[in-house]
There are 2 protein chains.
Amino acid sequence: MKFAMHEFAVTQLMRTLSDPTRRAVFERLSREGELTVGALTEGAGVSQPAVSQHLAALKIAGLVRERREGRRTHYRVEPAGLAPLIDWFAHYSTFWPERFDQLEAVLKDMD
Amino acid sequence: MKFAMHEFAVTQLMRTLSDPTRRAVFERLSREGELTVGALTEGAGVSQPAVSQHLAALKIAGLVRERREGRRTHYRVEPAGLAPLIDWFAHYSTFWPERFDQLEAVLKDMD
DNA sequence: GAATTTCATAAGCCATGACTTATGATTGAG
DNA sequence: CTCAATCATAAGTCATGGCTTATGAAATTC
């Protein structure tokens with residue numbers, strides 16, 4: 001079924017986003033837009049290689065894209081990368097509709 | 001901020017659900033309702049202690065509840081356990097509204 | 001009450017992953 | 001051309017986690 005098709009993707013996304021440091025990098029890219037590795041390293045609490053490794057993991061998971069510019073590499077979020085996780089949640093919404101009222105309210109506020 | 005309050009919960013939930021075997025147990029409880037450890041062990045592909053350990057992890061994460069009945073333990077899903085993850089996604093919906101159209105459509109179909 | 005069923009916990013093994021320092025490759029500056 | 005800046009990769013260390021088998025605890029059966 002369609003659910004099984006995304007199984008590996010869901011596992012990979014959950015796993016990638018489960019690390020707090022890596023998720024913080026992802027969240028910062030979400031809030032601040034495109035950033036260089038150096039900018040991301042500041043305030044990350046870990047070394048530059050660690051940040052590069054986290055960015056590589058995020059890239060493999062399809063959550064970020066890179067743009068080389070001279071000797072700098074700019075990273076930005078790839079919103080479509082979250083799609084399998086959204087599908088996963090949507091699937092559960094059919095089981096427990098009441099639990100999604102809150103999210104539904106948020107979504108409707110956007111309209 | 002409210003986001004930081006749930007940070008640990010999000011990490012724990014992502015981590016708990018990132019293991020395919022454990023997530024399969026959770027999904028099966030979602031589909032089939034309350035099940036005993038023995039029933040969950042069948043078809044899990046791992047030993048009974050492994051299943052018990054996964055259930056303990058799910059319980060700590062707040063994703064399942066147990067009900068002792070004689071020598072059997074029945075487990076069922078705790079839907080509220082997913083709330084921090086839903087909040088996390090709702091937060092991102094403000095950044096990328098277009099990516100939540102699909103989920104929103106699913107939710108509206110329920111009405 | 002002895003044996004069996006059902007589940008949880010303990011102990012140990014092994015793979016994975018997150019971090020470090022060291023180094024290389026490429027680009028920009030002086 | 002030389003040096004500095006920027007990032008990625010390599011190698012190694014250490015902790016964590018998921019699995020196993022072994023065992024214990026509690027409840028039912030005979």
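The sequence lines fix the lettering, A, B, ..., with proteins before strands; numbering per chain opens at 1.
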Round to a whole Å and report the spacing from [atom1] of [X] to [atom2] of [N].
{"X": "B:I60", "N": "D:dG18", "atom1": "CD1", "atom2": "P", "result": "12 Å"}
{"X": "B:E69", "N": "D:dT28", "atom1": "CD", "atom2": "C1'", "result": "13 Å"}
{"X": "A:M14", "N": "D:dG17", "atom1": "CE", "atom2": "P", "result": "17 Å"}

Regarding B:R76 and B:E78, does a basic nitrogen lie under 4.0 Å from an acidic carboxylate oxygen?
no
With a 4.0 Å cut-off on N to O distance, would you call B:E66 and B:R68 a salt bridge?
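No, B:E66 and B:R68 are not salt-bridged.
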Is the shortest side-chain N/O distance from A:H54 to OP1 or OP2 of C:dC19 below 4.0 Å?
yes
So, is B:R15 near the phosphate of D:dG17, with a side-chain N or O under 4.0 Å from OP1 or OP2?
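For D:dG17, OP1/OP2 do have a side-chain N/O of B:R15 under 4.0 Å.
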Decide yes or no for B:L63 and B:L85: does some side-chain heavy atom of the first lie under 4.5 Å from some side-chain heavy atom of the second?
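No. Closest side-chain heavy atoms not under 4.5 Å.
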We want to know whether B:E27 and A:W88 form a side-chain donor-acceptor pair, criterion being a heavy-atom distance below 3.5 angstrom.
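Result is yes, a qualifying pair exists.
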In a check of side-chain contact (heavy atoms from CB on, under 4.5 Å) between B:Y75 and each of B:V25, B:V37, B:L58, B:L35, which one passes?
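Of B:V25, B:V37, B:L58, B:L35, side-chain contact (heavy atoms from CB on, under 4.5 Å) with B:Y75 is met by B:V37 alone.
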Quick one: on DNA chain C, does A:R22 or A:G70 contact a more 5' nucleotide (nearest heavy atom)?
A:R22
What side chain to side chain donor-acceptor pair (under 3.5 Å) pairs are there with at least one residue in residues 10-21 of chain A, not counting sequence neighbours?
A:T11-B:R23
Return a single string for nucleotides 3-9 of chain C, one symbol per nucleotide in 5' to 3' order, where B is base contact, S is sugar-phosphate-only contact and - is none, cutoff 4.0 angstrom on heavy atoms.
-BBSBBB
